[in-house]
Protein chains: 2
Amino acid sequence: MSDKTLRADAERSVRAILEAAEHVLAVDPGASMEQIAAEAGVARTTIHRRFANRQALTDALATSAARQLIKAIDDGRPDTAPPLVAMHRITANVLEVKSAWAFALALPAEPDSEASLLQRDINDRCALTLRRAQNDGLIDEKADLDWVRRVYYALIGESLHGNAEGADSDTLAARIIDTLLHGAGPRPSRSAP
Amino acid sequence: MSDKTLRADAERSVRAILEAAEHVLAVDPGASMEQIAAEAGVARTTIHRRFANRQALTDALATSAARQLIKAIDDGRPDTAPPLVAMHRITANVLEVKSAWAFALALPAEPDSEASLLQRDINDRCALTLRRAQNDGLIDEKADLDWVRRVYYALIGESLHGNAEGADSDTLAARIIDTLLHGAGPRPSRSAP
DNA sequence: ACTAATTGCATCACCTGTGTTGCAGGTTTC
DNA sequence: GAAACCTGCAACACAGGTGATGCAATTAGT
């Protein structure tokens with residue numbers, strides 16, 4: 001939770017710490033608080049003042065990232081836009097957030113933590129959007145939606161790994177949706193109805 | 001490398017240590033040597049006798065796992081069997097190995113290590129098999145084979161995550177190949193040629 | 001401007017993991 | 001069966017991270 005009204009500079013510190021933690025831990029998950037503090041431009045004791053221990057820090061990190069992910073999904077209007085449009089927009093947004101918070105979002109959710117609640121929320125929204133896509137005929141009616149969702153997640157994750165070329169999110173999103181729906185098999189020559 | 005002729009009991013120890021390391025580190029990548037030793041039923045000093053430090057241990061772990069993965073691929077006769085058959089067999093074999101050595105195979109390859117050489121070998125064989133599949137018309141001729149390979153890897157990884165139901169490798173492999181080639185979109189009702 | 005909050009710094013005690021050594025006793029190998 | 005090898009155990013030194021504290025200096029809020 002964002003605690004009681006924190007003073008402006010304190011809030012800046014917390015943000016800096018969370019961002020530093022993401023960057024440092026993404027490279028070395030076993031990095032010390034000292035390293036995180038250095039990256040954040042902050043004294044190690046300041047981290048301990050805000051976060052009692054490593055667990056508290058990673059919890060906050062996971063929660064913060066999950067919140068941003070939810071915002072990214074909501075920005076895609078999953079409930080009102082046509083499924084295909086929503087999926088594309090959501091995918092592009094999620095790619096942005098996930099590339100910025102890769103470590104935080106890969107963090108194993110502590111049971112009963114806020115982050116795990118948010119994760120479930122995210123899964124539900126995703127499942128819902130996929131169901132809408134299925135009702136629209138975009139997804140085969142016999143498909144196992146849970147598997148489809150997992151494949152979707154996997155494609156997003158894989159897109160982030162090898163993106164050294166720096167392709168923009170829209171391009172990546174298009175490829176993800178295309179692969180998710182059509183796979184890699186031969187296409188009927190684009191001539192139909 | 002498997003060192004000079006190790007005495008039989010010593011070789012047993014090494015195996016036990018590697019397996020213990022896999023199990024323990026898969027749960028907690030930061031686990032101590034002590035924990036690994038306990039799981040292996042061995043004294044901590046014995047680990048240090050065989051592996052100078054943590055790095056040496058994980059290197060050996062990665063190499064050992066990569067070797068088994070290569071064997072799993074070779075057992076699928078990637079060069080002689082029809083591509084679809086080969087892909088299915090290879091996928092099933094790889095699933096077995098990957099589920100047993102998930103941590104070891106997820107290990108970031110040290111540059112110039114033997115494991116990284118093996119990894120490249122694995123990638124090459126995979127790429128080759130995919131090319132054969134493409135030449136056979138299983139994969140669209142315009143498809144980006146590197147992306148296809150990455151998707152394939154991602155599908156394998158995802159299949160391993162949520163396999164609490166304990167589905168057998170053949171079933172999982174079938175789903176992977178099917179999704180890879182056809183995606184989740186609507187299928188033409190099975191009637192034509 | 002005054003107050004309260006926040007921070008950096010120096011310092012401390014403490015714990016955990018690491019890597020090494022020596023030796024006695026058990027196991028392989030030939 | 002003898003030699004060579006391997007292992008467990010105990011002990012040690014050492015490095016490094018952790019969490020806490022007190023204080024002076026800075027900064028935000030009103």
Side-chain angles (χ1 to χ4, degrees), chain A residues 1-64 103-104 107-108 110 113, chain B residues 1-64 103-104 107-108 110 113:
Chain A
M1 279 277 167
S2 306
D3 278 331
K4 309 198 166 188
T5 39
L6 224 44
R7 224 175 70 174
D9 51 352
E11 197 147 357
R12 248 178 294 142
S13 291
V14 172
R15 282 181 175 277
I17 291 170
L18 289 179
E19 286 174 16
E22 163 65 34
H23 292 145
V24 172
L25 295 179
V27 174
D28 174 17
S32 70
M33 296 297 206
E34 191 79 49
Q35 291 173 265
I36 299 174
E39 171 85 11
V42 148
R44 182 175 63 91
T45 44
T46 300
I47 297 189
H48 278 123
R49 267 189 272 264
R50 298 294 160 210
F51 307 100
N53 48 39
R54 195 186 197 77
Q55 185 67 43
L57 173 58
T58 52
D59 280 357
L61 193 56
T63 305
S64 157
F103 173 82
L107 230 39
E110 290 297 307
S113 66
Chain B
M1 277 281 163
S2 306
D3 277 331
K4 310 200 167 189
T5 39
L6 226 44
R7 225 176 69 177
D9 50 354
E11 196 147 359
R12 249 178 293 140
S13 292
V14 171
R15 282 181 173 277
I17 291 169
L18 290 179
E19 286 175 15
E22 163 65 33
H23 293 146
V24 172
L25 295 179
V27 175
D28 173 15
S32 69
M33 297 295 206
E34 190 80 48
Q35 290 173 264
I36 298 174
E39 171 85 11
V42 149
R44 182 176 63 91
T45 45
T46 299
I47 297 188
H48 279 120
R49 266 188 271 263
R50 299 294 161 210
F51 308 99
N53 48 39
R54 195 188 197 76
Q55 184 68 42
L57 174 57
T58 52
D59 280 357
L61 193 56
T63 304
S64 157
F103 173 82
L107 228 38
E110 289 297 307
S113 65

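Residue numbers start from 1 in every chain, and the chains themselves are labelled A, B, ... in the order their sequence lines are given, proteins ahead of strands. All values reported here derive from a predicted model rather than from experimental measurement. Only this structure's heavy atoms are used, side chains among them; waters, hydrogens and symmetry mates stay out.
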Problem - Nearest-angstrom distance from the residue atom CZ of B:Phe51 to P of C:dT18 - result: 15 Å
Completion exercise
A:Arg7 meets the side-chain hydrogen bond (donor to acceptor under 3.5 Å, both in side chains) criterion, sequence neighbours left out, with A:Asp9
Completion exercise
Between NE2 of A:His48 and P of C:dT11 the distance, given in whole Å, is 19 Å
Exercise for the section: Take atom CD1 of A:Ile47 and atom P of D:dG19, then tell me their distance rounded to the nearest Å. Expected result: 11 Å
Handout entry: Reported CG-to-CD distance for the pair B:Leu61 and B:Glu19, which is rounded to 0.5 angstrom
Key = 10.0 Å
Problem - Side chain to side chain, A:Leu25 and A:Arg54, heavy atoms closer than 4.5 Å - result: yes
Handout entry: Taking every non-hydrogen atom, the tightest pair across B:Ile36 and B:Ala20
Key = O-CB, 3.6 Å
Fill in the blank from the handout: Going 5' to 3' through nucleotides 6-16 of chain D and flagging B where a protein heavy-atom sits under 4.0 Å of the base, S where only the sugar-phosphate is that close, and - otherwise, we get SBBBBB-----
Exercise for the section: Using atom types as modelled and distance alone, determine if a side-chain donor or acceptor of B:Gln35 lies under 3.5 Å from a backbone N or O of B:Ser32. Expected result: yes
Completion exercise
Double-helix bend of the helix from C:dT3-D:dA28 to C:dC30-D:dG1, axes at both ends from 5 pairs, round to 10°, gives 50°
Exercise for the section: Applying side chain to side chain contact (heavy atoms under 4.5 Å, CB included), run through B:Val14 and B:Phe51 and close with a yes or a no. Expected result: CA-CA 9 Å; B:Val14 171; B:Phe51 308 99; 4.1 Å; yes
Problem - Smallest separation among heavy atoms of B:Glu110 and B:Ser113, with atom names - result: O-OG, 2.6 Å
Practice task
Walk me through it: do B:Leu18 and B:Arg50 pass the test side chain to side chain contact (heavy atoms under 4.5 Å, CB included)?
Solution key: CA-CA 11 Å; B:Leu18 290 179; B:Arg50 299 294 161 210; over 6 Å; no
Practice task
Measure from CD on A:Glu34 to C1' on C:dC9 and round the result to the nearest Å.
Solution key: 12 Å
